Amino acid sequence: MSPTGPKRPKLVADKRYSSKKPAAKQPARRKTRKPSAKRTRRTQRPKGILGWPIFLVTWVLRLIWRLTWKSAAVVALIIGLAVFYFASTLPDLNALLDGRAKGSVTILDRYGAVYAWRGDQRGSTITTQTVSPYLRDAIVASEDKRFYGHLGLSPRGIASAVRINLSEGRGPLSGHGGSTLTQQVAKLLCLGVPFDPDQWKTEAAYEADCRQGSLRRKIKEAIYAMALEAKFSKDEILTIYLNRAYLGAGSHGFDAAAQRYFAIPASDLNPAQAAMLAGMLPKPSVYAPTSNLKRSQDRAATVLRLMNEQGYLSNEQTAKFQNNPATLSTAAKAQAGGYFADWIMGDLPAFLTRKTTEDVIIKTTLDPRIQTAAEQAMAEIFATKVSSDSKAEAAIVVMSSDGAVRGMVGGRETKVTGAFNRATQAKRQTGSAFKPFVYAAALDMGYRWDDFILDEPYCLNVPGSGQWCPKNYTRQHYGNVSLTEALARSLNVPAVKVAEDVGLEAVRSVASMFGIESDLAAGPALALGASESTLLETTGAFAGILNGGSAVIPYGLTELSLVADKEPLMTQTGGIGERVISQQAAQQLVYMMSRVVEAGTGSRAKIDGLEIAGKTGTTNSARDAWFIGFTAEYVMGVWMGYDDNTPLKGVTGGGLPAEMWHEAMVRIQSELVPTPLPMIRPNNAPRFDGQVNGSEGLFGDSQNSRPQGGQNVGKAVEDALIGVLRSIFGKN
């Protein structure tokens with residue numbers, strides 16, 4: 001029976017177990033994939049005869065390309081990291097502007113003008129904004145015309161340098177470097193390696209290492225240059241260059257060079273001067289104007305042309321400054337006072353001069369006009385009166401009566417630095433130039449200028465040496481002569497007698513108190529200048545006679561200060577010391593010495609209209625010839641001789657030294673009003689007849705001398721008075 005009523009829906013279970021059997025599951029049909037282009041290329045096989053070779057070449061090229069770009073990526077990453085590292089370690093700009101290991105010494109004359117430099121010079125800090133625009137343009141035009149367009153390296157410049165080097169037969173990295181200004185700055189900074197005195201023997205060795213051109217060094221330099229470009233702007237990089245570039249003569253930076261060569265700051269340079277400084281950059285020692293001005297001017301003309309080609313100068317400006325090249329300043333041109341500057345440097349503590357780490361300024365007593373006059377006089381005498389092949393040397397010292405040295409020449413070659421200074425370092429026998437100190441001792445003990453002494457054959461027994469018989473240069477004797485005549489004729493016998501009478505110790509004491517510091521002879525030959533002394537010492541001793549009898553200490557420094565300090569570290573206002581002889585004795589001695597020039601051995605030093613006093617000196621065998629004299633304003637000493645003590649031929653103190661003195665003093669006094677000497681002025685000045693040779697010897701021909709007897713000064717005066725009385729009263 002079939003159920004009736006509404007139809008019952010199927011239960012869930014019913015649905016789950018349907019009466020119909022499911023259809024048999026058909027196996028899934030495999031989906032085929034379309035081969036990719038990459039798989040297609042892999043599966044391609046070479047076809048034909050050329051297939052395999054082409055396939056092989058293509059494979060190799062693909063491999064090279066993959067290796068190249070991957071290697072390049074690695075190298076770029078390494079370079080980038082290196083550049084980042086160097087850039088991060090670079091100090092601030094101000095710390096890079098001065099890289100000197102030592103300080104500088106700037107030496108000024110008595111008027112405050114610079115005349116000499118020592119050490120590593122650095123001027124004021126300059127920037128691309130404060131420096132002359134002509135200098136900035138000259139540097140870029142001559143050193144790196146693409147400076148503002150590259151990133152520290154110039155591939156075009158490097159390729160050009162390699163090509164030039166190969167064409168000239170050198171290695172690709174030898175010679176022209178193709179360096180940009182940034183790379184040059186990297187070299188100046190020594191790639192960030194500071195100077196270490198414990199590592200390097202000298203600063204020169206350190207700088208040589210900084211400039212080496214190995215491939216490894218070039219790579220590091222390139223990376224450092226890019227680091228500079230990453231750290232600083234173009235103007236900042238150029239500012240470092242402006243302050244650190246070396247330009248010869250110890251000048252570091254363009255301001256120091258502008259002061260050194262043109263006596264102006266770098267901000268005032270005109271195109272010709274700027275071109276000359278920029279032209280020095282490749283080879284400062286070669287193109288320095290103090291080395292060869294014409295060569296430096298020719299190089300500057302090339303730089304001006306480059307500036308014109310790159311649009312920095314008009315045609316009119318270029319022609320103007322090429323036709324009117326830069327010239328040196330007066331101080332740079334003269335290069336005077338080198339011996340004086342060396343003397344100052346050697347006379348002061350090393351930590352303030354030769355080894356200073358500070359910038360020092362020294363004001364001195366040097367007078368450039370007097371210095372030039374002395375140098376010109378020496379050159380004139382040697383050019384006109386000395387054989388061109390002669391090796392004889394000379395020295396000159398000029399000073400005021402208080403010891404202030406106004407000029408110094410230490411040898412025939414005047415434009416030198418660090419040379420042997422014969423004015424201060426050579427100790428030579430003074431000969432008869434010592435005699436004024438004998439008479440100074442006598443006058444101070446009561447003798448007078450007009451006292452008489454008998455000039456006759458005379459011998460002494462010298463303990464340990466035997467008999468010694470001094471002789472006059474002329475081998476003649478003149479009987480009773482006054483002290484004035486004895487000095488004017490430079491007679492040896494009277495000088496020895498006076499010294500014996502007043503005592504050798506008194507003579508030695510007077511000479512040493514006047515400033516003759518060298519060891520003085522112990523025997524009677526002391527009176528004839530057997531002792532050695534420097535020209536500076538002896539000239540200073542004569543200054544004591546001029547100033548009235550007070551000792552002087554020759555000096556050249558008036559003030560020493562550090563650039564950073566307002567107050568000086570040292571000052572000097574005068575060199576006058578203790579009184580040695582009375583003023584009356586000094587005035588008599590000045591008068592006696594004036595007769596040496598008026599009518600005695602120093603007559604060749606005479607200048608019309610000018611009162612002069614002095615003394616000649618010639619040592620035994622003429623190994624040394626001296627003339628030391630003075631006017632009311634200046635004392636000047638002149639020495640001539642050979643460095644190896646070879647005897648001079650035909651030269652005595654009254655000859656060439658007196659003439660050299662004359663030549664210099666004429667120039668020195670040309671701008672001065674003549675002033676009378678501080679001396680006595682007797683109404684009846686002593687006169688003597690006869691020709692004076694202007695020469696004197698030291699010991700005479702002592703080997704063949706025989707005992708002739710002698711007398712002291714007191715007996716000579718007594719005999720002279722008796723002779724006068726007899727002539728008046730006619731008594732025997």
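None of these values were measured; they are calculated from a predicted model.
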Subject >> Lys/Arg-Asp/Glu bridge criterion (N-O < 4.0 Å) met for Glu375, Lys415 >> reply: no
Original post:
Aromatic rings Trp449 and Tyr591: how do their planes relate, parallel, tilted or perpendicular, breaks at 30° and 60°?
Top reply: perpendicular
Subject >> side chain to side chain donor-acceptor pair (under 3.5 Å) between Asn472 and Thr474, intermediate numbers included >> reply: CA-CA 5 Å; Asn472 297 324; Thr474 60; 5.2 Å; no
**OP:** Please report the closest heavy-atom contact between Pro554 and Gly540, naming both atoms and the distance.
**Re:** CG-CA, 4.1 Å
Original post:
Can a salt bridge be assigned to the pair Glu532 and Lys427 using a cut-off of 4.0 Å between side-chain N and carboxylate O?
Top reply: no
Subject >> Neighbour count >12 (heavy atoms, 6.0 Å) for atom CD, Gln584 >> reply: no
Subject >> Those residues that, when tested against Phe627, pass ring pair (Phe, Tyr, Trp, His ring centres under 6.0 Å) (two or more places apart) >> reply: Trp661
Subject >> Derivation of the side chain to side chain donor-acceptor pair (under 3.5 Å) call for Lys363 and Ser561 >> reply: CA-CA 9 Å; Lys363 295 182 180 179; Ser561 59; over 6 Å; no
Original post:
Shortest non-hydrogen contact from Val651 to Ala622?
Top reply: O-CB, 3.9 Å
**OP:** Tell me, yes or no, whether the heavy-atom count around Leu557 atom CG, taken from other residues, nucleotides or ligands under 6.0 Å, exceeds 12.
**Re:** yes
Subject >> Residue from Thr106, Asp342, Thr356, Thr353 passing side-chain hydrogen bond (donor to acceptor under 3.5 Å, both in side chains) with Arg118 >> reply: Asp342
**OP:** Check whether more than 12 heavy atoms from other residues, nucleotides or ligands sit under 6.0 Å from atom CG of Asp519, and answer yes or no.
**Re:** no
Original post:
With the threshold set at 4.0 Å, does a side-chain nitrogen-carboxylate oxygen contact exist between Arg595 and Glu598?
Top reply: no
Subject >> Short side-chain to backbone donor-acceptor contact, Arg422 and Arg412, under 3.5 Å >> reply: no
**OP:** Could you check Ser432 against Ser490 for side chain to side chain donor-acceptor pair (under 3.5 Å), going step by step and ending with a plain yes or no?
**Re:** CA-CA 7 Å; Ser432 293; Ser490 197; 3.2 Å; yes
Original post:
Does a salt bridge link Arg681 with Glu611, judged by any charged N lying under 4.0 Å from a carboxylate O?
Top reply: yes
